Amino acid sequence: MPELPEVEHASRVLRDAAVGKAVRDVKVLHPSHRRRLRPRHVARLRSATVTRIERRGKHQIVHLSTGDALLVHFRMTGDWLVDDASAPIPKFARVVIELSDGVRVSLVDPRALSTVVLHGAGASPLPELGPEATDPSVTVETFGRALARRRVSIKHALLDQRVLAGVGNIYAAEALWMAQIDPRAAASSLSRARQARLLEAVRAVLARAQESTGRYRDGGPDGGPGRFEVYDREGVSCSRCGSRIRRIVQGGRSTYYCPKCQRR
DNA sequence: GGTCGCCTGGTA
DNA sequence: TACCAGGCGACC
């Protein structure tokens with residue numbers, strides 16, 4: 001699920017479930033998670049109380065009374081599932097946190113690509129990130145400067161978390177469609193006007209996704225309103241000009257766009 | 001710069 | 001059975 005709107009929603013779920021509670025037990029169920037979250041980390045978690053949940057881009061940071069921070073990234077398919085510790089372990093649960101009041105928070109992740117790491121107090125646990133994609137204080141000037149430095153396509157630049165934190169593959173494609181920009185255009189080639197349009201579009205698609213608590217797809221079986229404009233719509237008519245949506249691969253990832261009304 | 005590996009499930 | 005997947009870091 002996770003792009004910024006989904007992660008924002010998930011972090012709220014986690015906040016409601018966990019803040020102010022002590023960790024009673026932690027189970028690390030998948031080998032790939034066991035590689036990062038060792039028994040000594042689990043031991044440290046067991047004596048901690050959750051003080052605060054923070055989100056930065058698509059990262060979630062669980063601050064603990066011990067000064068440690070648990071860093072969670074959902075990658076492609078992670079999500080939180082909150083239930084009661086007495087219930088059977090949920091399907092695809094990879095890391096399970098039981099809290100003092102019997103509430104259980106499970107990281108469910110079919111592909112098991114998510115990451116959970118415990119960081120000690122001090123050093124910043126996060127990679128270099130740009131401003132939040134939804135931060136209203138981002139200006140066309142700062143956004144444009146970040147783009148001008150990248151010698152990659154504009155689609156690739158939007159996925160670079162150092163430009164704007166939180167933009168993922170779907171909303172990058174949607175924003176480029178809305179701004180009528182060809183995803184293959186060089187990031188550094190955008191005029192000021194197109195930079196402005198793109199920033200506006202990123203905000204619009206994320207805001208719209210936020211409203212519907214996550215995905216802004218699923219308009220219904222007939223793909224009614226609320227569906228993506230281009231993402232996963234290869235061969236479908238563009239709602240703006242009627243041309244067929246095309247799928248290409250950029251950096252190993254799918255990009256969907258309208259070859260007629262999105263220009264270089 | 002691009003490509004690959006991580007993992008596993010859903011779908012054509 | 002094959003392909004595809006909303007991410008990211010390591011690698012050439």
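Numbers restart at 1 for each chain; the letters A, B, ... are given by sequence-line order, proteins then strands. Because the structure is a prediction, the values reported are computed rather than measured. Scope of the values below: all heavy atoms of this structure, side chains included, with no hydrogens, waters or symmetry mates.
- Separating the NZ atom of A:K91 from the P atom of B:dG9 is a distance of 8 Å, rounded to the nearest angstrom.
- Residues A:V13 and A:V108 do not share a hydrophobic cluster, clusters being chains of Ile/Leu/Val/Met/Phe/Trp/Tyr side chains in contact below 4.5 Å.
- A:F74 comes within contact range of no nucleotide atom at all, as no heavy-atom separation falls under 4.0 Å.
- Distance check on atom C1': B:dG1 versus C:dG6 gives 24 Å, rounded to whole Å.
- B:dT3 and C:dC4 are spaced 15 Å apart, taking the P atom of each and rounding to whole Å.
- Partner of A:E132 under the salt bridge (charged side-chain N to carboxylate O under 4.0 Å, His left out) criterion, chosen from A:R56, A:R203, A:K58: A:R56.
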Could you go through nucleotides 7-11 of chain C and list every protein N or O atom that sits under 3.5 Å from one of its N or O atoms, giving the distance for each pair?
from  : atom 1 : to     : atom 2 : distance (Å)
C:dG7 : OP1    : A:K58  : NZ     : 2.9
C:dG7 : OP2    : A:N169 : N      : 3.2
C:dG7 : OP2    : A:R253 : NH1    : 2.8
C:dG7 : OP2    : A:R253 : NH2    : 2.4
C:dG7 : N2     : A:R75  : NH1    : 2.8
C:dC8 : OP1    : A:H73  : NE2    : 2.7
C:dC8 : OP2    : A:K58  : NZ     : 3.3

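- Judged as a side-chain contact (heavy atoms from CB on, under 4.5 Å), and not counting sequence neighbours, the contacts of A:R184 are A:D182, A:I248, A:Q250, A:Y257, A:R264.
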Requested in this report: Whenever both distances are under 3.5 Å in a Watson-Crick or G-U wobble pair, mark it; put DNA chain C into dot-bracket that way, with [ ] for crossing pairs and | when the partner is on another strand.
Outcome: |||||.||||||
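- When the shell of 6.0 Å around NZ of A:K21 is examined, it contains more than 12 heavy atoms from other residues, nucleotides or ligands.
- At least one donor-acceptor pair closer than 3.5 Å links the side chain of A:R197 to the backbone N or O of A:A179.
- Rounded to an integer number of Å, the gap from A:D232 CG to C:dC4 C1' is 10 Å.
- Regarding A:E234, its CD atom lies at a distance of 10 Å from the P atom of C:dC4, rounded to whole Å.
- Note: NE2 (A:H156) to P (B:dT3) measures 11 Å, nearest angstrom.
- Checked against B:dG9, C:dA5, B:dT8, the side chain of A:H30 finds its nearest nucleotide in B:dT8.
- Closest contact between the side chain of A:E6 and the listed nucleotides C:dG6, B:dT8, C:dA5 involves C:dG6.
- Nucleic acid contact for A:R150: none, since no nucleic acid atom lies under 4.0 Å from a heavy atom of the residue.
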